[in-house]
Every structure is written in structure tokens, then in C-alpha cells.
Amino acid sequence: MANYVVKRLLAVVPILFGVSIVIFLFLQLVPGDVAATLLGPRATAESIAAIRAELGLDKPLHEQYVQWLFAILQGDMGRSIILQVPVVDIVVPKFFNTLILAAASLLIAIVVGVPVGVLSAVHQYSWLDRIGTVGAVLGAATPTFWLALVLMYVFALNLGWFPTSGMYDLRGDGGLLDLLHHLVLPSIATAAIPLAVITRLARSSTLEVIRSDYITAVRAKGMSERVVVWRHALRNALPPIISITGLQAGFLLGGTLFTEVIFTWPGIGLQLYEAILGRDVPLVQGAMLFIAFFFVLLNLVADIIVAYLNPKLRAR
Amino acid sequence: MTDAMQDFSRAELEAGRAAREAWEARAKRDARKPESSLRLLWTALKRDKLAMASAVFLLLVALATIFAPWLAPYGPNEANPSLRLEPPLTEGHLLGLDGQGRDILTRLLYGGRVSLPIALIPVAIATFISVILGLIAGFYRKGVGEVIMRVLDIFYAFPTVMLAIAIAGILGPGMMNVMLSIVIVLIPYITRVVYTATMVVSEEDFVQAARACGASDTRIIFSEVLPNVMSPVIVYGTTTMGLQVVFAAGLSFLGLGVQPPIADWGIMTASGRDVLSVAPHVSTIPGIVLLLVALAFNLVGDGLRDALDPRLRL
């Protein structure tokens, strides 16, 4: 197991290195003269020269990269052009807000998806199975931004049960209940797609296991159906579910963007969006780097958990 | 040799001849009608009613948008301010009017002329590039293949939505940039599908046989391997088309795609955001169209996958 973990950790290093190159090259994607574009039409010659020097644009590309990478490794992601504060100071707290939203959505997806998927498989072709399957197919096709608007219209604007935007009430105490109140609609909107994916996989994975001989053997031993399904079947159906959950967790880091924009949830997605609109390249780069880093980390953790549960995979 | 044994060997001969004849007959029939994997796929798909209905629905949507100028009751930017925000079933306006008094049904028909190609063209381009990359990577696994796959691994480290938004956003708004960003984020995923299939196929006996006959690598790759890796690619491509239609609309919704006044399902959804509380139909109707189109692509994709591998039909 330790061998496997070390091997996987080592494989991550070149990927992160490549990621840094791709993100660095983002600056080159900006059409026209970078410094002039970043500063907009009212830029003076001096300010353009200053930003060129700050970004190191006057040096050859590879030198720029090395300089940039070393700064990053020391925790310096540069300064945001619009907000004029270090990128790290913006990205870290915003990322934390996104983690709250992503975690809540993932929790909904797992807590609803796994039981519904497993029960659908156990009672194949029952009404629960039909509703679960149709729901999963619909959920996978639902545009997140549309669902967010529908939820907002029904539950915030019409019924007034939940707030339409933000993380905390301005006049509220900023406590946990306030946060949860604001979290409900965005997290449901974001959960739709991972929920559909997890339900579907939990169902197919359980269906594959439930017909195997050892389940028949467990049943023959006279175990109650509950023990058969939740202790014996689920354990073997779990590895693919964990794999896909890991992947979905990663995608949520990006998938929250639409909900964050619509519900003005102050997360990294909304920040990235605003940075993109303002062509704030250092901030875009910082946010992307942070997200990619956590995405790789999440996939790594998911792989390790799966390998831990399924010794056959470790040998590979 | 005893009589019994003679009878036995005669029977064996008979059986052998029968088997050979059957085999020859089948070979002859197969020679007349080659059972390519694509034809098998089509035969199996025809039996899947849901998938077929979805395919017909998509065809109708495509036709409706192509013939929008003849079908649409109004011009896409023709406004009737006195009726602005009127709900669906208003006389003469089946799906109601938007904030500027434009007919929503008309704009949906015209919107498809942007929303569909902006997603489908990149899928086609990305598939073309990925098939070539995947074939090369799967066939020359050491060396070139290794390099291709390691480079693509890097793109796996980004959540797709975020990468595409960042690329499209930095390049600036516009149809071309949206398409470019979708092509870039799709290539790693489709290439991996082709790569995996190529690895499996290139170990098959018929590939070895072609090589023994002295066929060049190019010939083996294009006439032996390629036809046998197309099915998984088509399945993946179909399913991803639905996702990309939604995603491209999402980019427009965020203001990173095509720019108004061009109608597009994403922009139409966005335009209803400010009037959501008074006229929810402006935002929700285009979203429902997106949902239905994505759903249909998914169902066709599922049908293709089941047809390809009936074992997966669970």
C-alpha cells in the first residue's frame, strides 16, 4: 500500500509541473499587447511599462516562466491587477467558500444518490427504480444555470423561503444557521449533476454485485436482507462509486461556477468569472492553479481510497 | 479397423464436411453483406424505441432551426413593445414575449442556428483530432504515444468547465473562441477513448495477420484499426454533444459566448434573469429546450452504448 501511495505521489509531480506551464501560457492567450490589454484603453505609457516590468514581460518567455514558478513555489502568486492585493489573499478565502458549497452539494449527492441507486438495483423495475432512473437521466441533462434560476424563482422569489443571494444575511449574526439558510438553494442546484451520476453508477454497480454467487451464499446463510444489501453487497459495489465520487468532487470545484454567479456565492468560481471579465490574468492564473492543485489532490485521494478497498488494483 | 470404427470416422468426415459447407455459406453471405461494427450498431439501435424517438426529435429540432426563416412567425429581432413580457399562449405568440417584446418561439428557432453548431462543430473537430492522436498513441505506445498521453494527462488536472471558461474568457467573447475552448477541453477525453480502444484492437489476430502480409503501419492503422475503434468514439461523441450544447449555452449565459443581439439559447436564458420574478417564462423556456436537447443526445448515446455492448444494459 505504501508503495502504491508513493508511486501515485511521484506521478503527480510531472502533472503539476505541466499544469504550471499551461497556466503560465494563459498570459500568452491574451490577444494583442498583454500589458495594454490588461490595463484597458485609458492606460498611460508609464503604467504600461510598469506592468510590463511587474509581470516580467520584457524578459524572454522561459525566464519569465522560471521567475513566475519560483515565486509561486514561495507562495507568491502575484498581485491582482483590478483589486491591487496579493492573489493569495483573495484566492484562499474564496476557495474556502467554494469548498463549503461543493461539500454540501457532494453530501446531498452521496446521501441521496447512493441509497436510491442501491435500492433501485435491489428492487429493479419497481416504482422507486423507475423514478430514480428517470430522475437520473433528467438530472444529467439539466443545465445547472437553468435549474438555479428555477429554484430561485420558486423558492426564493415566489415562496420566499430562502434568500436569493450571498452567504450571510447582512443584518444577521453570521452564524451557522444563517449560512445553511443561504446554502440550501445553491447546493441543490449544484448537486443535480453529481447526484444523477452517482445514482446511476450506484445502481449499475449494485446490480452487477447483487446477482453474484457470494450474495446468494450470504442469503442462503439466512442473513437478513438488510445485512445482505448494506453490508455485503454495498461493500463490493463501492469502489467504482468512490472513484466517480472523487471525480465529481473535483468537477464540483469548477461546476459551482454557474451557481456561484447566479446566487452571488462569494466563491472561487465567481471570483474567477469576475477576474476573466476584467482580464485580471494574475488572478485568473492564481485561481486556476489553486483549483487544479486541489483537483489533482482529490483524484489522488480517491484513487488511494479505492486501492485501499480493492487490493487487486494496487498491483497495477 | 473394425466396422464400428469405420462408421465412426465416416460420421466424423460427414460432420466435418457439413461444418465446412456451413462455414463457406456463411463466408459467402458475409462477403455479400459485410457486417461492419457500424452496421451492427445501427441494427441494434433500431430496436431501441427511446433512442430512436430521441434521434427523430433531434432531427426535427435541427430541421426546425435550419428552416427557421420560413417557419418562424416573426423576425428574430422584430419587437412589439406593447406586448413585452406577455406570458405563453398570448394570441399570436405561443411561447410568449421577452423583455423587448420579441417573440420567444421565433428566437428559439433562430437561437438553434447558433446554439447547435457552436457545440456540435467543436465536437466534430475534437473527435477528428482525437481519433488521429488516439490511434497514434495507442499504436505506438512507446515513444510518441507516451508523449501524447502524458501531455494530455496535464489537461485532466483541470475541471473541464473551469478550463473552458478561462480559455474562452481570456481569448475574448465570440463564437470562434467558444468553439476553440470546447475543442481544447474535449481532446484529452476523446483521445483517451480512442487510445484505449486502439490498444485492445491492435493486439487482435487480424492486425497481426495484416502485419504478416507486409501491410504498412499507415495501412494497418487506417484500414484495420480505425474501423474497429469508431463505435466507442461515436457513443462518446453523441453523449458529449448534449453536454456541450448545454455548456456552450452556459458560456453565452455568462456573457462569454456570442454577443447580443444574436439570439442563442444561453443568451435568451440570461436575458430573463432580471425579470425572473415578473416573467419567469423568459428564462425558463430556453432552458427547457436545452434540457430536452441534452436529454435526447444522452438517450441516443445510451442507446448506442447498449447496442454496442448489450452486457451493459442494466
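Note that these values count all heavy atoms, side chains included, but never hydrogens, waters or copies made by symmetry. Labels below follow one simple rule: chain letters A, B, ... track the order of the sequence lines, proteins then strands, and each chain is numbered from 1.
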(request) Measure A/V22 against the heavy atoms of chain B and call it side chain, backbone, both or neither at under 4.5 Å. (result) side chain

(message) Is B/D153 close to chain A through its backbone or its side chain, or both, or neither, when contacts mean heavy atoms under 4.5 Å?
(response) both

(request) Can you tell which part of B/Y156 gets under 4.5 Å to a heavy atom of chain A, answering side chain, backbone, both or neither? (result) backbone

(message) Is B/A249 close to chain A through its backbone or its side chain, or both, or neither, when contacts mean heavy atoms under 4.5 Å?
(response) both

(message) Report which part of B/L256 has an atom under 4.5 Å of a heavy atom belonging to chain A: side chain, backbone, both, or neither.
(response) side chain

(message) Is B/V161 close to chain A through its backbone or its side chain, or both, or neither, when contacts mean heavy atoms under 4.5 Å?
(response) side chain

(message) Going by the rule side chain to side chain contact (heavy atoms under 4.5 Å, CB included), which residues pair with B/L299 if we only count those two or more places apart in sequence or in a different chain?
(response) A/V137, B/L50, B/S54, B/L295

(request) Kindly determine whether B/R150 and A/I15 satisfy side-chain contact (heavy atoms from CB on, under 4.5 Å), including the steps that lead there. (result) CA-CA 8 Å; B/R150 289 298 82 78; A/I15 290 179; over 6 Å; no

Scan the side chains in residues 139-163 of chain A for donor-acceptor partners under 3.5 Å anywhere in the protein, sequence neighbours excluded, and list what turns up.
unit_1: A/T142; atom_1: OG1; unit_2: A/L138; atom_2: O; d: 2.8
unit_1: A/W146; atom_1: NE1; unit_2: B/T284; atom_2: O; d: 2.9

(request) Pick one of side chain, backbone, both or neither for A/L277, based on which atoms fall under 4.5 Å of a heavy atom in chain B. (result) side chain

(request) Pick whichever of B/L290, B/V151, B/L243, B/I288 has the most heavy-atom pairs under 4.5 Å with chain A. (result) B/I288

(request) Examine whether an atom of A/V261 lies under 4.5 Å from a heavy atom of chain B, and if so say whether it belongs to the side chain, the backbone or both; otherwise answer neither. (result) both

